[in-house]
Amino acid sequence: MASSSPLLLLLLLLPLAAAAAAAAASLPPLPLSTASRWVVGADGRRVKLACANWASHLEPVAAEGLSRRGLGDIAARVAAMGFNCVRLTWPTYLATNATLANLPLRASLERLGMPESVAGVRVNNPGLLDLPLIDVFQEVVSALAKNNIMVILDNQMTTPGWCCSENDGNGFFGDKYFGPEEWLKGLSAMATMFRNTKNVVGMSLRNELRGSKNVSLWFRYMQLGAEVVHAANPGVLVILSGLNFDNTLDFLVPNQIQLTFTGKLVFEQHWYGFSDDGNWGSRNQNDACGMVVDFIKKKGLFILQQGWPLFFSEFGFDMSGTHVADNRYLTCFLTVAAEMDLDWAIWALQGSYYIREGTLAYDESYGLLSWDWCTARNPSFIKRINALQSPFQGPGLPNSHQPYNVIFHPLSGLCVLVKSSEALELGPCDKSNAWNYTKGYELILKQTGQCLQAKSVGENAKLGTSCSKSSSKWKLLSNSGMHVSTELTNNGTRVCLDASPDGNITTNQCKCLTVDPDCNPESQWFKIILSSKHIPGGTSILQLPSHGPWSPTSSS
Ligand SMILES: *[C@@H]1O[C@H](CO)[C@@H](O)[C@H](O)[C@H]1NC(C)=O
Ligand SMILES: *[C@@H]1O[C@H](CO)[C@@H](O)[C@H](O)[C@H]1NC(C)=O
Ligand SMILES: *[C@@H]1O[C@H](CO)[C@@H](O)[C@H](O)[C@H]1NC(C)=O
Ligand SMILES: *[C@@H]1O[C@H](CO)[C@@H](O)[C@H](O)[C@H]1NC(C)=O
Ligand SMILES: *[C@@H]1O[C@H](CO)[C@@H](O)[C@H](O)[C@H]1NC(C)=O
């Protein structure tokens, strides 16, 4: 912990007090550990990592945004957006180069020729301006702690600067700036520094290994790194990146990692739309999603079956909503995240950088926050991700039930709820009824035994009691498997479940099942997933409240 003068403390606390109401309810019982594929708290209950990446590894070696908003306000904002964790990035030199670590933030910004950033920090975080960079880093962790936000420290680079390229000398063990000795020293120093800091729950040992695909070196050094971190700080999860920019862990299929300790190992994988070979722009959306998900399963998701947690520690998209390929990728990603109930970290919190790749005040189009850090760049996305910020499954969920099905609609981030037997609608997944998607293709409401039925083209879907009718048998069509489809009883017309912009659940002609690369099927995309969350009180299907409309907005 950095030592602070009383005045500094006061300055830091003022904005915090105002924001306190927004803080996450509480930290889970710590430390975290693993139970097969789940991350769990000290009480054995699942803790789902719903994180935002916050960069602190670029040339200034300070968390981005301190020239734009008060640190306490930023931390409170993270909590208010529903995240319970931050993946905070750092360069090795922050931990191994004392000259750098002791450089005051002001001097770090001045040496890069950024007087405006200095002025911004003076206004928004005056107490931080003359602190050494390492103390600023600790203050960021501390501000997150005050908002009950967990922190995962991510070793992003050795040298401060934007990550990652094949030839930046930071890609793989033995590269120009990536000497294993220095790396291990840095990991150990960082792990030690935060040994008594409860909210530091994990360490990503190195971001996006790339370049060399030398698997034996991966094993040698990742095992060493994991041991060094664990020896210095046995409380933290050790999180290991795959190869090829963390796009693949497939080399773990024949090999097992050997560690002297158990219950702390997590793997991480990254998945961005731009890594998917242009498929999102050029293919039918069902075909693209089906194909890419198969690929992701082979490259990483198999880890879950092996009984390890897999943290999707970077995913992200252009928040403007105008990037068609990114929008398509995002909906597919959200579906997988719901189905597998993944732990994840979005890239990124920061709306802009002090400087990135030579550009001052660089705008982060993937940022949750706007360029000035004052508002959400895409408020509808914050709502859309909400259902994925709490667990559907896992050990010891409060009031946990026999698993049941929910019908998730990734375009809205909502689930299919029963309003009355004549009307279903989209609403919060927390309030979902308990469905059972049976071997006989019926979608049965567990409390009442009624089942989902199609009436006709363009009308609301409804509940019925004669579940053996053809219009009550729902098959999953297309290569995405996300069109939930049935045949009308009177004339055999095939229809698909659909959500109207005001959230009514209807049945319509199935759209874009294959071939057409331009057509957008997302209103008809549903994923039937498992949940064992608490079912809301009052099991009568007619007592469920009605919810406001959702509408596809700029993000969709
Ligand atoms: C340590 O950091 C300082 C300040 O950035 C830099 O001038 C110096 O070259 C670094 N030393 C090493 C050994 O990298
Ligand atoms: C991996 O690196 C080691 C040590 O440099 C070397 O002996 C080995 O041949 C390399 N393996 C491959 C497959 O390149
Ligand atoms: C659905 O019902 C079947 C038969 O009663 C049961 O075996 C299965 O576990 C149920 N599945 C879910 C998800 O509720
Ligand atoms: C089948 O019946 C539905 C009404 O239930 C109607 O909307 C649709 O046009 C009919 N299709 C054919 C091919 O007759
Ligand atoms: C949605 O359903 C309600 C009945 O629950 C109906 O009044 C309303 O007109 C429907 N909206 C659309 C667009 O069909």
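Note that the coordinates shown come from a computational prediction; the quantities given were computed from them, not determined experimentally.
- Annotation for Glu357: atom CD counts as buried by contact number, over 12 foreign heavy atoms lying within 6.0 Å.
- Trp183 pairs with exactly one of Tyr93, Phe172, Phe173 by the ring-ring contact (aromatic ring centres under 6.0 Å, His included) rule, that one being Phe173.
- In this structure, a donor-acceptor pair under 3.5 Å is absent between the side chains of Thr158 and Glu182.
- Side-chain contact, Thr92 with Asn155: a donor N or O sits under 3.5 Å from an acceptor N or O.
- Counting non-hydrogen atoms of neighbouring residues, nucleotides and ligands closer than 6.0 angstrom, the OH atom of Tyr177 reaches no more than 12 such neighbours.
- Between Arg283 and Asp287, none of the side-chain N atoms (NZ, or NE/NH1/NH2) sits under 4.0 Å from a carboxylate O, so this pair counts as no salt bridge.
- When each of Ile74, Asn53, Leu88 is tested with Leu349 by the rule side chain to side chain contact (heavy atoms under 4.5 Å, CB included), just one qualifies, namely Ile74.
- Taking the six-membered ring where the residue is Trp, the centroids of Phe317 and Phe333 are separated by 6.0 Å or more.
- Glu364 has a carboxylate O that lies under 4.0 Å from a charged side-chain N of Arg356, or vice versa, which qualifies the two as a salt bridge.
- Between Arg377 and the choices Asp363, Asp318, Asp372, the salt bridge (Lys or Arg N to Asp or Glu O under 4.0 Å) rule is met once, by Asp363.
- Of all the heavy atoms in Lys264 and Gly235, the pair that sits closest is NZ-O, 2.8 Å.
- For Thr89 and Gln156, the side-chain atoms include no donor-acceptor pair closer than 3.5 Å.
- If you check the side chains of Thr331 and Arg384, you find a donor sitting under 3.5 Å from an acceptor.
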| message | For a side chain to side chain contact (heavy atoms under 4.5 Å, CB included) check, start with the C-alpha distance between Ile382 and Asn386, then their side-chain angles and the critical distance, and finish with the verdict. | response | CA-CA 6 Å; Ile382 309 293; Asn386 184 256; over 6 Å; no
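- There is no side-chain donor-acceptor pair under 3.5 Å between Trp308 and Thr34.
- At least one cation-pi condition fails for Arg328 and Trp280: the charged atom is not both under 6.0 angstrom from the six-membered ring centre and inside a 45 degree cone around its axis.
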| Can you check side-chain hydrogen bond (donor to acceptor under 3.5 Å, both in side chains) on Glu227 and Thr260, steps first, answer last? | CA-CA 7 Å; Glu227 295 293 348; Thr260 60; 2.6 Å; yes
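- The two atoms that bring Leu187 and Gly225 nearest to each other are CD1-CA, 4.0 Å, heavy atoms only.
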| request: Show your working on salt bridge (Lys or Arg N to Asp or Glu O under 4.0 Å) between Arg37 and Asp343 and close with a plain yes or no. | output: CA-CA 10 Å; Arg37 63 146 288 191; Asp343 298 291; 5.2 Å; no
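- Between Phe392 and Phe408, the two ring planes are perpendicular [angle over 60°; tilted spans 30° to 60°].
- When every heavy atom of Asp43 is checked against every heavy atom of Pro29, the shortest pair comes out as OD2-CG, 3.5 Å.
- The number of heavy-atom neighbours closer than 6.0 Å to OH of Tyr272, taken from other residues, nucleotides and ligands shown, is above 12.
- Taking the ring centre of Trp371 as origin, the terminal cationic atom of Arg68 falls inside the region bounded by 6.0 Å and 45° from the ring axis.
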| Do Arg210 and Asp168 pass the salt bridge (Lys or Arg N to Asp or Glu O under 4.0 Å) test, and can you show the C-alpha distance, the side-chain angles, and the key distance before you say yes or no? | CA-CA 10 Å; Arg210 56 196 176 274; Asp168 57 12; 2.8 Å; yes
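- With Phe178 as the aromatic partner, Arg206 meets the cation-pi criteria of under 6.0 angstrom to the ring centre and within 45 degrees of the ring axis.
- By the 30° and 60° cut-offs, the orientation of the rings of Trp373 relative to Trp54 is tilted.
- Around the CD atom of Glu110, the shell of radius 6.0 Å holds more than 12 heavy atoms that belong to other residues, nucleotides or ligands.
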| request: List the steps and the verdict of side chain to side chain contact (heavy atoms under 4.5 Å, CB included) for Phe194 and Val236. | output: CA-CA 9 Å; Phe194 291 100; Val236 289; over 6 Å; no
